[in-house]
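Beneath this line is the structure, given in structure tokens, with notes to follow.
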Amino acid sequence: MSAVSEKPAMNPMVDAQSVHKRFGRLKVLKGITMSVPAGAVVCLIGPSGSGKSTFLRCINHLEKIEAGRLYVDGELVGYREKHGTLYEMKDREVCGKRAEIGMVFQQFNLFPHFTALQNIIESPVRVKRVPKAAAVERARELLEQVGLADKADAYPSQLSGGQQQRVAIARALAMEPKLMLFDEPTSALDPELVGDVLAVMKQLAEQGMTMIVVTHEMGFAREVADAVYFLDGGVIVESGAPAAVLSNPQHERTRSFLSKVL
């Protein structure tokens, strides 16, 4: 029995209840309901424009939802509820909660004028007020964890795309997040660089990090995910264990999508 299943009953790490999001007249999310247990790895797959990335951005309140409820570790995201009405939190409160959620984007978004080490220590020192010496020590540990111990003093322009993405992962981990969100973290990489990034993500999964991953890497989803959700048109079309969804999809739309990507 896994360590996760031996824990007493608790709130799921992410609990989305009929989440809706629109941009103007365009309905992007049309009632997403999903529960992600602590320690689980969930992969979101589907065509471009299906709402996958928007849903990730709603989880850490980079996007505000129009309807539904979204909880992380038992607490509403971005809102406080009183007598059944939601009240948006102040920016400072939202930022405090957002600091507990790591996010890795398609683009690496590293500060070009900072070294790899400086990129990693910036948020712990400025946001969490971690003493610089402790932040540097932790950053070096993380660089070693992602296989870049020798790149601490390198600037982003001196690193490959895969190396920059691994620094971005280390930067997110430096905030000691309870949850990691990955938005197609390998889509901007040359094919030969993808494996190193996925290896770091597999290692995180083995360490028990709760992860939600938007990906087109079906091999990763099959090997690492506890559950796969196929989204299309802002709804969850099909979900289940990776072997079931990827090898024996029940919905014609899922079969059509997978026939093009597998």
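- Side-chain contact check for Met13 versus Val42: every heavy-atom pair is 4.5 Å or farther apart.
- Atom CD of Gln203 is surrounded by more than 12 heavy atoms from other residues, nucleotides or ligands within 6.0 Å.
- The minimum heavy-atom distance linking Pro156 with Asn119 is given by the pair CG-ND2, 4.1 Å.
- Of the possible donor and acceptor atoms, none in the side chain of Ser18 sits under 3.5 Å from a partner among the backbone N and O of Gly68.
- With a 4.5 Å cut-off on side-chain heavy atoms, Leu86 and Glu81 count as touching.
- Within the 4.5 Å cutoff, side-chain heavy atoms of Gln207 are placed close to those of Leu204.
- Side-chain atoms of Arg255 come within 3.5 Å of backbone atoms of Gln250 as a donor-acceptor pair (strictly under, hydrogens ignored).
- Under a 3.5 Å cut-off, the side chain of Asp226 and the backbone N or O of Val41 do form a donor-acceptor pair.
- Side-chain contact between Arg138 and Val130 is absent, with no heavy atoms from C-beta onward closer than 4.5 Å.
- For Gly161 against Leu193, the heavy-atom pair with the smallest separation is N-CD1, 4.1 Å.
- Note that CZ of Phe220 and CE of Met201 are 4.0 Å apart. Values are rounded to the nearest 0.5 Å.
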Does Tyr87 form a side chain to side chain contact (heavy atoms under 4.5 Å, CB included) with Lys82? I'd like the steps, not just the answer.
CA-CA 8 Å; Tyr87 298 90; Lys82 187 174 182 180; 3.8 Å; yes

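- Linking Ile, Leu, Val, Met, Phe, Trp and Tyr whenever their side-chain heavy atoms come within less than 4.5 Å leaves Leu143 and Phe111 in two separate clusters.
- Among residues at least two apart or in separate chains, there is no salt bridge (charged side-chain N to carboxylate O under 4.0 Å, His left out) pair with a member in residues 43-52.
- Put simply, the side chain of Met89 reaches to within 4.5 Å of the side chain of Arg80, judged on heavy atoms.
- For the side chain to side chain contact (heavy atoms under 4.5 Å, CB included) with Phe182, the qualifying choice from Val214, Ile169, Ile212 is Ile169, the only one to do so.
- Side-chain atoms of Tyr71 and Gln17, non-hydrogen and from C-beta on, do get closer than 4.5 Å to each other.
- Tracing side-chain contacts under 4.5 Å through hydrophobic residues (I, L, V, M, F, W, Y), one reaches Leu62 starting from Val36; they form part of the same cluster.
- Nearest heavy atom pair, residue Gly234 against residue Ile32, reads O-CD1, 3.5 Å.
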Side chain to side chain contact (heavy atoms under 4.5 Å, CB included), that's the test. Do Met34 and Phe55 meet it? Break it down for me.
CA-CA 11 Å; Met34 180 185 303; Phe55 179 63; 3.8 Å; yes

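- Residues Val146 and Val197 are members of one and the same hydrophobic cluster, defined by side-chain heavy-atom contacts under 4.5 angstrom among Ile, Leu, Val, Met, Phe, Trp and Tyr.
- Smallest separation of non-hydrogen atoms from Lys151 and Ala116: O-CB, 3.4 Å.
- The CG atom of Leu181 sits 8.5 Å away from atom CZ of Phe105, with the distance rounded to the nearest 0.5 Å.
- With a 4.5 Å cut-off on side-chain heavy atoms, Leu29 and Glu63 do not count as touching.
- One distance of note links CG of Leu246 with SG of Cys43; it measures 8.5 Å at 0.5 Å rounding.
- More than 12 heavy-atom neighbours from other residues, nucleotides or ligands sit within 6.0 angstrom of CD on Gln158.
- The pair Glu176-Lys128 fails the salt-bridge criterion, with no side-chain N (NZ, NE, NH1 or NH2) lying under 4.0 Å from an Asp/Glu carboxylate O.
- Within 6.0 Å of CG in Asp91 there are 12 or fewer heavy atoms belonging to other residues, nucleotides or ligands.
- Counting non-hydrogen atoms of other residues, nucleotides and ligands closer than 6.0 Å to NZ of Lys178 gives a total above 12.
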Derivation and outcome, side chain to side chain contact (heavy atoms under 4.5 Å, CB included), residues Tyr79 and Arg69:
CA-CA 9 Å; Tyr79 298 92; Arg69 297 287 189 274; over 6 Å; no

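- The shortest non-hydrogen separation linking Gly51 to Leu231 is C-CD2, 4.3 Å.
- In this structure, Val213 and Val224 have side chains that are not in contact, with every pair of non-hydrogen atoms separated by 4.5 Å or more.
- In summary, Arg140 and Glu137 do not engage in a salt bridge, as defined by a charged side-chain N under 4.0 Å from a carboxylate O.
- In this structure, Ile120 is a member of the same hydrophobic cluster as Met209, with clusters built from ILVMFWY side-chain heavy atoms closer than 4.5 Å.
- Here the closest heavy-atom approach between residue Ser239 and residue Ile236 is recorded as CB-CG2, 4.2 Å.
- Ile101 and Leu76 fall within a single hydrophobic cluster, where Ile, Leu, Val, Met, Phe, Trp and Tyr side chains are chained together by heavy-atom contacts under 4.5 Å.
- Both the sub-6.0 Å distance and the 45° axial angle are not jointly satisfied by Lys260 relative to the ring of Phe257.
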